Amino acid sequence: MTGHARPKAPATASGPAAASEQEPPARPLRRDAVRNHQLVVEAAREVFAEFGTDASMELIASRAGVGVGTVYRRFPNKEALVDEIAGLMLRELTEVARRSLALPDGTGLERFLYVIGRSLAEHRGYADKLVGHSKAACVELLRDRIAELLVQAQESGRVAAGVELGDIMALIWGLRGIVETSGAVVPDAWKRQLDLQLAGLRAAAVPDGIPPAVTRAQLRLIGTGRREAEAGQ
């Protein structure tokens with residue numbers, strides 16, 4: 001065969017040496033990425049707690065001490081960042097509930113409720129996103145732990161036998177409402193109400209004829225509705 005030979009494509013470098021020339025070292029990049037991720041998440045928690053989830057990504061970047069481009073590289077939009085924050089808060093509460101199961105004399109439920117009250121108060125700017133922006137499986141795990149704490153409290157005589165998981169969840173909703181209403185004016189208003197609610201839970205028996213508690217299936221529907229509403233906004 002005759003004719004001019006087709007020019008060869010430039011040789012492509014390969015091997016460890018070429019990789020080190022083309023790409024930055026993997027380990028330092030990962031450390032830096034993890035650090036930036038933590039800075040952004042911590043800053044977002046502070047900013048959302050102060051200003052709510054309407055706060056700008058620019059403000060979060062400024063608080064974190066990074067460029068706004070860094071924030072968007074970690075989280076493509078604010079929705080993703082809120083999801084991360086809500087999931088983190090949920091995981092923290094689930095761990096508190098797990099540790100509370102080890103407390104003696106059925107006191108774990110009370111301890112957990114005080115912790116969740118403080119958490120709602122400290123993060124009131126985004127606490128309302130806890131269910132709507134959290135994975136259903138994570139929410140269910142937390143409810144499982146709360147149900148176990150309730151059984152312990154009942155077995156120790158600290159909570160009336162007729163109290164159900166739905167009652168405890170409604171109590172938590174009430175605490176969240178108090179925190180959102182009282183805001184920074186009376187930030188500890190939830191504590192008195194929790195004390196009163198706990199006194200009621202210790203009553204000898206649940207009165208006859210009152211409406212039934214919210215069921216586990218209804219709790220799932222409530223969570224699904226919140227998620228769908230958030231997605232539609």
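Predicted model, so just to flag it, every value in this text is computed and none were measured. All residue numbers refer to positions in the sequence shown, counting from 1. We use all heavy atoms of the structure for the numbers below, so side chains are in, but hydrogens, waters and symmetry mates are not.
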Give a yes or no answer on whether the side chain of [X] reaches the backbone of [Y] with a donor-acceptor pair at less than 3.5 Å.
X      : Y      : value
Thr181 : Gly177 : yes
Lys78  : Met57  : no
Asn77  : Glu79  : yes

Does the salt bridge (charged side-chain N to carboxylate O under 4.0 Å, His left out) test come out yes or no for Arg45 and Glu42, once each step is laid out?
-> CA-CA 5 Å; Arg45 295 190 78 167; Glu42 291 170 4; over 6 Å; no
Between [X] and [Y] (salt bridge meaning N to carboxylate O under 4.0 Å), is one present in this structure?
X      : Y      : answer
Glu140 : Arg220 : yes
Arg63  : Glu46  : yes
Arg99  : Glu95  : yes

CZ/Arg35: more than 12 non-hydrogen atoms of other groups inside 6.0 Å = no
Write down the atom of [X], the atom of [Y], and the distance for their closest heavy-atom approach.
X      : Y      : answer
Ala160 : Ala203 : CB-O, 3.1 Å
Ala213 : Asp167 : CB-OD1, 3.4 Å
Ala97  : Arg145 : CB-CB, 3.7 Å
Ala161 : Gln154 : O-NE2, 3.2 Å
Cys138 : Thr94  : O-OG1, 4.5 Å
Leu150 : Leu165 : CD2-N, 3.6 Å

Distance in Å, [X] [atom1] paired with [Y] [atom2], rounded so as to fall on 0.5 Å steps:
X      : Y      : atom1 : atom2 : result
Lys191 : Leu175 : NZ    : CG    : 12.5 Å
Ile172 : Leu93  : CD1   : CG    : 8.5 Å
Trp190 : Leu113 : CH2   : CG    : 9.5 Å
His123 : Phe48  : NE2   : CZ    : 12.5 Å
Ile60  : Arg74  : CD1   : CZ    : 14.5 Å
Asp144 : Arg216 : CG    : CZ    : 4.5 Å

Between [Y] and [X], is there a side-chain heavy-atom distance shorter than 4.5 Å?
X      : Y      : answer
Phe75  : Val41  : yes
Glu148 : Arg98  : no
Trp173 : Ile222 : yes
Ile168 : Val159 : no

With a 4.5 Å cut-off on side-chain heavy-atom distances among I, L, V, M, F, W and Y, is there a chain of contacts connecting [X] to [Y]?
X      : Y      : value
Val115 : Leu90  : yes
Ile85  : Val68  : yes
Val96  : Leu103 : no
Phe51  : Val179 : yes
Leu120 : Val186 : no

Distance-only side-chain donor-acceptor flag, Thr70 / Arg73, under 3.5 Å =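 A pair is found: one side chain offers a donor N or O, the other an acceptor, under 3.5 Å apart.
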Test Met89 against Ser119 for side chain to side chain contact (heavy atoms under 4.5 Å, CB included), laying out the working first.
-> CA-CA 8 Å; Met89 184 177 176; Ser119 182; 3.2 Å; yes
Verdict with reasoning, Tyr114 to Leu198, per side chain to side chain contact (heavy atoms under 4.5 Å, CB included) | CA-CA 10 Å; Tyr114 280 110; Leu198 289 173; 3.7 Å; yes
Decide yes or no on salt bridge (charged side-chain N to carboxylate O under 4.0 Å, His left out) for Glu110 and Arg202, but give the supporting numbers first.
-> CA-CA 11 Å; Glu110 295 179 22; Arg202 298 187 193 104; 3.3 Å; yes
Check step by step if side chain to side chain contact (heavy atoms under 4.5 Å, CB included) holds for Leu194 and Ile178.
-> CA-CA 10 Å; Leu194 179 54; Ile178 292 168; over 6 Å; no
When you look at Arg143 and Leu219, which way does the side chain to side chain contact (heavy atoms under 4.5 Å, CB included) test go after all the steps?
-> CA-CA 10 Å; Arg143 288 175 185 156; Leu219 288 171; 3.8 Å; yes
